[in-house]
Amino acid sequence: MKKLCGRYVLVSAYEVIENACVVFDEKIVAVEKGDNISEDTVVTHGFASIHTHLGLYPIRTTLDSYLRLDEWVRKCVWPWERYLRQEPELSYASAVLALSKLVLSGVTAVADMHFNEDLVAEAFLRIGVRGDLSVAIMSKGVYESLDEALRDNLELARKLRSSDLLKVRLGPTTPRLLTPEEFKKVVEVAGEIGVGIHTHIAEVPDDAEYLKRERGMSLKDFIEYVDLRRVSTIVAHGVWLDSDSLSALAHPNVAIAHCPSSNTLLRDGAAPVRNYLEKNVRVGLGVDVSPTYSMLDEIRAALPLHLGRGDLGFRELFNAATSTGYRALGIGSGLIEIGETADIVLWRLSEPTPDPVTGVVAFANVSEVYVMGRKIVEGGQLVGVPSSEIREFEKNVVRHRRKCLST
Ligand SMILES: [Zn+2]
């Protein structure tokens, strides 16, 4: 049995126990009072990033190119993704690098959508972090047909079906890269094999405009036609949802992945999250592609993004990153409670504070991380990957990025 003690234990974003210890093996078995605990320690549940593209980590700085989404995808993302499909080992290196940044910002579960996910899965297993993996299914773009992409995703589901650390979803990328009929078919297959869906909807106004122009469908018509509420569904972004489509997404099976950094850098707009929460639409947080792949930076970025747009505070954002994120991924409550999985983080504050939530978000470093009770970070360093290997991966991915993008 292991024990992790903190001057503060955050049961949730809204409930704090002072001078307490969490006792655990694979699951949390007790939360008890402790003595002589260092003033600078806080114990929290781990964060979930419910929308992430680990494979885009090497091109993350291209977000700051003053390009809008479609132009950025055309100029930077697709060339890199086609290159990755030729060089699958690069997906492994990219995933190790991105996961190392995520874990050292307190993330213990990541929903990733990309290519070469069998190699990405190896990176998750090496680092020991939870994964919820999907292949970016499209019938045009990086894949040539729906069948080719769906086959890859189903093969991934078959390979990982006995893993307790990794789960698989199907990843119909976005309404503009699949026909509504193809999208519906993917949701049906997900229902048949008992997995969820991970998709992008309404990151930009173009999704709704395209469906209306090409198919005479509103977003709400589309959501109902493909039957998104039928399975556990992550909808990335959801920046431009009208009230009808929002009502169609207000369901316990659906969670929106709000991605503050990428929405800001691509000038997508600000999702009216306060409005979504008031309409009982679940909202978790996703790192997506960002300059830092840090969940703390997403929480910090959300504050100014929502200023004057209903405002969001650190506690609500912390709750989105823990409890809502874990529930959206179907991994328990995301709270420090008896019987929950021991996905726990020990933080060191740079100075004492009576407000541990703000302290963690604003001035703390990750000291130890446990996933299913297994220690994956010790002394602020990954246990599974030495820093010398990280540096080699960094040099390698930069070399490939130069080759691919000539920048
Ligand atoms: Zn995305």
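Heavy atoms only: backbone and side chains are in, while hydrogens, waters and symmetry mates are out. Every number for a ligand or one of its atoms is a count from 1 in the order of the listing.
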Checklist entry - Can you tell me if C259 has an N, O or S atom under 2.8 Å away from the Zn ion (ligand 1)? => result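 No.
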Item to check | Any N, O or S atom of H200 closer than 2.8 Å to the Zn ion (ligand 1) | outcome: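 Here the distance criterion (N, O or S atom, under 2.8 Å) is met by H200, so yes.
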Checklist entry - Is NZ or CZ of R60 both nearer than 6.0 Å to the six-membered ring centre of Y57 and within 45° of the ring axis? => result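 Positive - R60 is close enough to the ring of Y57 and near enough to its axis.
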Checklist entry - For the ring pair F318 and F47, is the centre-to-centre distance below 6.0 Å? => result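 That pair passes the under 6.0 Å test.
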Checklist entry - How about H258 and H237: are their ring centres within less than 6.0 Å of each other? => result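 No, the ring of H258 stays outside the 6.0 Å limit from the ring of H237, centre to centre.
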Checklist entry - Hey, does the side chain of S262 reach the backbone of D288 with a donor-acceptor pair shorter than 3.5 angstrom? => result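 Not at all, since once roles are kept as given, no pair shorter than 3.5 Å links the two residues.
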Checklist entry - In H53, the N, O or S atom nearest to the Zn ion (ligand 1) is which? => result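 The Zn ion (ligand 1) is closest to the H53 atom NE2, counting only N, O or S.
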